[in-house]
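Reviewing the structure listed below.
Everything quoted here is computed from the prediction, not taken from an experiment.
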Protein chains: 6
Amino acid sequence: MDLFITPQIEQLLRLALDEDIGAGDLTTLSTVSADSQGKGSFRAKRDGVVAGLVLLEKIFFIIDPAVEVRSFSRDGDRVERGTVVATAAGPVRALLIGERTALNFLQRLSGTATLTRRYVEAIKDLPCKLIDTRKTTPGLRTLEKYAVRMGGGMNHRIGLYDAGLVKDNHITAAGSLRQALERIRRGAPFMARIEVECSDMNQVQEALDAGADVIMLDNMGVKEMREAVRLINKRAWVEASGGITLENLREVAETGVDFISVGALTHSAPAVDFNMKIEISPKKEKGTRNKG
Amino acid sequence: MDLFITPQIEQLLRLALDEDIGAGDLTTLSTVSADSQGKGSFRAKRDGVVAGLVLLEKIFFIIDPAVEVRSFSRDGDRVERGTVVATAAGPVRALLIGERTALNFLQRLSGTATLTRRYVEAIKDLPCKLIDTRKTTPGLRTLEKYAVRMGGGMNHRIGLYDAGLVKDNHITAAGSLRQALERIRRGAPFMARIEVECSDMNQVQEALDAGADVIMLDNMGVKEMREAVRLINKRAWVEASGGITLENLREVAETGVDFISVGALTHSAPAVDFNMKIEISPKKEKGTRNKG
Amino acid sequence: MDLFITPQIEQLLRLALDEDIGAGDLTTLSTVSADSQGKGSFRAKRDGVVAGLVLLEKIFFIIDPAVEVRSFSRDGDRVERGTVVATAAGPVRALLIGERTALNFLQRLSGTATLTRRYVEAIKDLPCKLIDTRKTTPGLRTLEKYAVRMGGGMNHRIGLYDAGLVKDNHITAAGSLRQALERIRRGAPFMARIEVECSDMNQVQEALDAGADVIMLDNMGVKEMREAVRLINKRAWVEASGGITLENLREVAETGVDFISVGALTHSAPAVDFNMKIEISPKKEKGTRNKG
Amino acid sequence: MDLFITPQIEQLLRLALDEDIGAGDLTTLSTVSADSQGKGSFRAKRDGVVAGLVLLEKIFFIIDPAVEVRSFSRDGDRVERGTVVATAAGPVRALLIGERTALNFLQRLSGTATLTRRYVEAIKDLPCKLIDTRKTTPGLRTLEKYAVRMGGGMNHRIGLYDAGLVKDNHITAAGSLRQALERIRRGAPFMARIEVECSDMNQVQEALDAGADVIMLDNMGVKEMREAVRLINKRAWVEASGGITLENLREVAETGVDFISVGALTHSAPAVDFNMKIEISPKKEKGTRNKG
Amino acid sequence: MDLFITPQIEQLLRLALDEDIGAGDLTTLSTVSADSQGKGSFRAKRDGVVAGLVLLEKIFFIIDPAVEVRSFSRDGDRVERGTVVATAAGPVRALLIGERTALNFLQRLSGTATLTRRYVEAIKDLPCKLIDTRKTTPGLRTLEKYAVRMGGGMNHRIGLYDAGLVKDNHITAAGSLRQALERIRRGAPFMARIEVECSDMNQVQEALDAGADVIMLDNMGVKEMREAVRLINKRAWVEASGGITLENLREVAETGVDFISVGALTHSAPAVDFNMKIEISPKKEKGTRNKG
Amino acid sequence: MDLFITPQIEQLLRLALDEDIGAGDLTTLSTVSADSQGKGSFRAKRDGVVAGLVLLEKIFFIIDPAVEVRSFSRDGDRVERGTVVATAAGPVRALLIGERTALNFLQRLSGTATLTRRYVEAIKDLPCKLIDTRKTTPGLRTLEKYAVRMGGGMNHRIGLYDAGLVKDNHITAAGSLRQALERIRRGAPFMARIEVECSDMNQVQEALDAGADVIMLDNMGVKEMREAVRLINKRAWVEASGGITLENLREVAETGVDFISVGALTHSAPAVDFNMKIEISPKKEKGTRNKG
């Protein structure tokens with residue numbers, strides 16, 4: 001699913017530009033004239049899966065609509081060190097002013113896409129799907145979930161609002177799991193699926209009985225997971241969650257769970273470094289100018 | 001330097017809460033009554049340096065001013081696995097609704113503080129200071145720079161607006177390094193210091209001659225750095241930058257440079273996991289209620 | 001499910017106050033002194049189901065935190081003409097300035113809750129559920145869906161983001177219904193249910209075969225609906241949609257469909273009138289004052 | 001008077017799009033490719049007076065500047081069922097994503113324009129003018145007042161800020177009607193007219209004596225209104241307000257009042273249904289693409 | 001008329017604080033501890049009329065709700081050099097961080113109030129009223145118009161939206177003055193008054209004939225103004241505008257015009273200097289602390 | 001240094017347009033048709049230094065992207081009465097609606113640039129530089145600092161965040177000047193310079209000893225300043241501040257201080273008047289129209 005640049009994402013882009021530019025780029029606005037033109041090339045500095053190209057146009061548009069962005073890769077593409085993934089051409093000022101922000105988005109989202117790809121590859125021959133969590137960087141939820149998709153993973157619910165997930169506290173508050181589920185079914189949009197977090201086999205059975213759509217096996221051992229999968233027997237989807245790393249991923253996948261969620265995809269993915277090389281065009285004659 | 005919760009930070013907090021809560025927490029708003037009270041404990045799930053406690057009060061205040069936050073650690077404290085660093089007491093709804101966002105801030109900022117501390121420790125007996133870069137998570141610049149300070153590091157410039165940093169493109173655009181510096185001195189606030197990025201000894205000499213306040217040794221080898229430090233001879237501050245890891249950090253510091261900047265502190269710090277355990281208070285009788 | 005006052009709702013409240021107050025209430029700010037205190041009573045001017053009380057506190061808080069709101073009814077309560085549903089006590093200025101905006105929210109949301117209740121009552125002995133649509137007032141989506149719930153109805157998806165709904169254009173674009181569903185399953189969060197809009201029995205069969213979670217019978221006649229229900233035979237949920245009024249509602253419900261959606265609940269519900277009667281407290285001596 | 005799309009209106013458009021689109025249209029972004037082009041036709045589904053066309057361009061521009069909107073009717077035109085009032089051509093994604101929001105604005109504003117036209121027609125041969133009230137949908141004040149004009153009505157004051165309206169509470173607070181008027185004249189912009197709400201003949205006399213610019217006859221009977229009109233005798237404008245419906249409108253107008261205000265125009269107008277039919281253009285070859 | 005702190009004013013306060021505080025007060029956040037308490041006294045540094053006190057509470061509240069503001073003067077009071085007009089007590093950090101912004105509002109608004117008072121005094125024995133214009137500081141319209149009132153002046157229209165003002169271009173566009181007035185009367189809210197700008201006696205006659213509510217004598221000489229006043233003979237209000245200074249003010253007022261507008265009140269009033277003296281309270285023992 | 005139109009500046013432009021336009025220009029939207037085209041010429045009404053031209057394009061773009069702005073002067077140019085500095089061509093409506101806001105920016109910023117130029121001229125043969133202060137109009141900080149540069153002055157720090165300035169309260173809070181400086185050096189970005197405010201020779205000596213980068217001579221007499229300059233002897237930059245007017249400026253500059261700050265540049269500069277003359281183009285045939 002492609003990315004839609006929502007108002008929230010645009011707000012984040014503006015926030016990010018703003019925190020970097022502040023009252024203005026002291027260096028660039030003093031040394032580079034308003035009519036200086038050039039082209040910047042975004043280049044990968046190590047191998048990885050690129051994500052975030054889809055934002056470049058908007059980032060530079062906010063600074064100066066005169067900048068033209070061209071992509072040579074697509075989000076989700078595997079790129080090698082040295083690959084030019086995109087160019088931005090236009091006023092050099094705008095290129096220099098937007099450079100760091102653009103790179104910061106690229107490096108982070110590509111980091112998540114790249115890490116996701118490694119996890120996905122590890123279980124690609126199995127029916128089990130890799131999914132993300134809500135352990136995302138504050139403000140970047142939609143973008144990081146997009147990066148997970150670009151890495152080949154799937155998304156868990158986006159937030160608290162698009163699916164139910166019943167944990168201990170909800171059960172305590174509602175009196176019982178059954179009552180919790182009933183209340184959610186009555187109150188939530190009728191299409192919302194509901195998952196129940198379970199930490200032992202009794203809870204799994206209870207969730208099954210109550211009609212959970214999805215059952216989360218929370219921090220269970222591989223053996224217990226296998227047992228749970230058997231017990232559930234396709235009557236609900238099964239998600240394994242907690243403590244899953246590249247090391248034990250495959251083993252977990254082989255238990256027969258439908259989904260494995262990994263928080264590290266979004267909270268601990270190391271950045272994939274990119275840089276931007278700018279060439280300044282030789283001066284041309286020019287006319288009026290009215291832009292800061 | 002303590003954190004001031006600027007309008008931008010508050011905007012980010014709201015953005016983060018918003019992306020998680022959306023049109024409302026289907027699970028909690030269906031199962032937990034508005035008058036249910038409780039207390040949540042934020043607990044470290046691994047050893048590290050905590051950062052972000054300073055945000056908790058505001059995060060929960062935005063959701064519901066009735067929540068009371070108490071901290072038991074201070075940002076910058078080293079905490080061990082299992083430590084309760086803070087509690088939030090009030091309406092259970094608010095606790096559940098704010099939980100993930102609060103944790104997401106804590107885990108990320110503590111990640112940066114913890115990684116920074118490791119770097120700082122490695123050179124703590126040397127005069128050289130560890131600094132950050134502008135390779136931060138978009139939207140989290142001020143927070144991540146705060147986390148670096150909490151880890152014991154110092155901050156490079158915050159953005160493009162509070163100091164000058166002259167790179168190749170600026171020199172090309174201005175005609176020469178000397179002209180670039182003159183223009184910045186004339187145009188920027190008079191108190192702004194100016195750094196010049198240098199990749200070889202000639203450039204270092206040129207920067208010195210032009211009166212740079214700070215000289216950045218960009219991706220130089222250790223030997224070349226030592227030479228540069230000798231050449232500069234305290235006439236400017238010296239920053240080592242590029243390709244510095246925990247492995248070579250000490251060696252670089254021993255060259256005599258004044259500052260070492262490390263992008264990984266902010267772009268690739270793994271999160272430090274925290275969780276929040278909520279206890280629901282036994283029901284009391286209650287009167288009116290008018291809050292969603 | 002209770003209402004959470006999201007940032008968007010708060011933005012709407014502010015927008016609404018702003019469009020009414022503008023540069024200031026010429027009448028009140030000239031005639032009522034800052035320290036004049038009083039109490040306003042919100043009273044129903046006709047029978048209905050009240051909705052929107054949950055907003056009053058926030059509305060007045062935005063104007064002046066000194067105002068105290070008390071509710072005597074709960075959203076969803078049936079109220080009779082003359083019932084005082086809430087009071088707001090505090091500075092008379094704030095009461096007068098917020099009066100119209102508060103009433104405008106109450107009258108509209110109660111309008112939707114009241115109309116919904118009439119529909120719900122008509123089929124309350126049948127298993128079929130009444131649901132709303134996305135034909136809501138721009139900017140009031142979450143509030144109007146809340147009002148529907150307060151009227152006893154259930155919610156269809158909140159927006160484009162929390163469930164899939166496949167129509168002709170999506171099928172054309174994807175090549176076939178089957179491909180459309182596959183793409184959505186791969187791209188959307190894994191918990192998202194998918195509905196397919198069908199206008200004849202062939203399409204119903206195709207949707208069933210493709211594994212739709214919900215099948216919408218779009219503008220079908222009662223007879224055709226019955227046939228569709230039989231064909232679907234519990235393998236998917238069935239929604240009747242289009243052209244349904246209080247007159248034919250029961251007949252449609254008796255076809256065995258699971259859900260009936262009615263746009264009029266939100267786009268054509270007449271307002272339920274409320275007014276606010278203010279009593280000004282007798283003057284007390286007063287000390288400092290520092291509020292406009 | 002034409003509509004100016006103020007920042008507040010633009011904020012509402014964004015709010016409306018945002019509440020529908022959220023984190024993205026699951027269905028469309030999964031099934032329709034970014035380069036698929038098409039044309040959507042807005043068609044009236046019943047007879048009425050159209051209003052809101054003036055917003056279409058902006059709504060789609062916010063989603064994607066590549067969409068081109070053409071209108072075939074003008075706001076205020078009477079349209080018949082089946083009339084295509086406008087088209088939007090461009091990326092199919094943008095058309096599908098903006099469709100519901102665009103229709104929701106059209107249906108509501110046309111509802112108000114249509115109802116207004118019915119009232120206006122009923123008294124078109126009389127000098128009396130139909131006006132609206134502040135009983136509008138929160139957030140849509142300016143738009144709904146525009147719709148009233150498009151229906152042939154006139155506007156009462158826009159909000160609390162552009163004219164004075166003295167009611168009981170203001171008089172109590174000021175000590176007397178005379179003092180209330182004096183204070184407003186001294187404090188409000190000198191061009192602001194002032195209206196006084198009167199519920200009996202004594203109050204009318206008092207308002208006249210105090211020099212009110214407009215006198216509101218609040219919930220008076222037809223006979224009393226006639227008497228008031230005689231008493232006032234053109235020394236002030238006269239507005240009839242309260243309890244006026246299509247049934248008694250003409251009778252009220254014949255009393256000689258200058259203006260009749262009707263809240264139902266904005267708070268209880270049933271929507272006029274429109275739909276949008278999209279044709280997808282046959283695929284063309286294409287080049288780069290960089291938009292989500 | 002008192003000031004209402006509208007969302008726009010609050011937005012300006014936040015903008016003003018933000019532009020001063022940026023990423024944080026380097027000096028204060030490094031040197032003053034979070035629990036240091038104190039009291040700041042706002043003191044006039046020269047004689048004048050104070051305006052803006054009404055904003056202090058909000059300004060400091062935005063920074064830290066713990067600050068308590070007390071006023072000892074009221075906006076509109078004449079104050080002498082040395083007078084303490086208000087105090088703010090609370091965390092020293094908040095006092096130091098808000099100091100400059102608070103003073104900047106006070107100095108500017110008091111500047112306008114003080115200049116206005118001088119003009120008003122010069123004609124206080126005449127029936128003519130001094131009014132402002134729309135030549136205000138961008139973003140401060142409502143505040144500066146408030147300052148004019150605090151100086152004893154009255155307000156012209158607040159903006160383009162609350163009254164009509166017909167100039168040459170409007171007449172040209174409409175075809176004739178008569179048509180311009182007719183169109184505005186039909187399109188604008190019915191209570192809006194309309195002024196016509198006239199630069200000679202013919203235009204005055206034409207405006208009178210067309211039924212203008214207010215006639216502006218634009219840059220006329222005193223003799224011509226007298227003639228115009230005679231011609232108009234109370235059938236419309238008369239405003240003198242253009243080129244009026246303290247020197248010729250009285251002479252103009254004596255022509256019999258009803259209003260004199262002076263742009264300088266808002267565009268060229270010199271600031272009235274205030275300072276803030278802070279006393280730091282002796283340290284007390286303290287418990288928890290959780291604020292940046 | 002040129003101006004970058006930051007999000008904050010854009011927010012101010014929008015705020016300024018909004019406060020003038022409100023719900024719409026009653027006069028223009030009633031009398032000027034949407035398709036009427038024209039050209040407005042911005043003309044200086046007295047001699048001065050122009051500043052703010054750089055904003056015109058954006059101001060009109062916000063109203064209507066169809067407006068084209070051309071500048072004939074550059075910010076910082078000395079212009080004579082009658083000079084046309086820029087034109088705006090496009091829909092007459094947009095020109096009339098944006099006119100006052102555009103002029104209000106021009107008149108104020110040109111006021112500051114013009115006053116600055118007078119100060120700068122008075123000391124242009126001396127090495128001393130004229131600088132501004134933080135005594136700016138709330139919300140216009142960045143713009144007014146730009147206007148100072150356009151007048152030939154230099155900027156002091158932009159806000160609290162880009163340099164340190166230690167005053168009495170900070171010293172008291174930190175325990176001593178030395179400790180204050182140490183804490184700031186440790187906590188602030190390493191490139192931030194620090195100034196110390198001194199009111200007598202002892203403080204100057206103490207600041208020097210503590211290693212202040214800049215020493216402010218606060219309200220000292222000319223003789224004392226000379227002494228301070230001698231004492232400091234180039235070991236720190238010296239700023240003279242307080243009570244400096246055009247009359248004593250030169251005398252102060254001759255003391256040898258490096259910088260002189262003058263608050264009046266921004267808080268008390270009289271506006272430079274500009275007007276805008278609009279010519280309406282003769283009507284052309286026109287096709288569709290879809291803009292309010």
- Query: With side chains defined as the heavy atoms from C-beta onward, is the minimum distance between Arg43(E) and Val84(E) less than 4.5 Å?
  - Reply: yes
- chain B contacts, top residue of Leu17(E), Leu26(E), Asp25(E), Thr28(E) (heavy-atom pairs, under 4.5 Å): Leu26(E)
- Atom CD1 of Ile62(E) and atom NZ of Lys58(E): how far apart are they, to the nearest 0.5 Å? 6.5 Å
- Arg93(B)/Asp64(B) salt bridge by N-O under 4.0 Å criterion: no
- Could you point out which residue of Thr116(E), Thr112(E), Asn155(E), Thr137(E) forms a side-chain hydrogen bond (donor to acceptor under 3.5 Å, both in side chains) with Glu144(E)? Thr137(E)
- chain E heavy atoms under 4.5 Å from Tyr146(B): which part of the residue, side chain, backbone, both or neither? neither
- Message: For Ile97(E), which atoms come within 4.5 Å of any heavy atom of chain B: side chain, backbone, both, or neither?
- Response: side chain
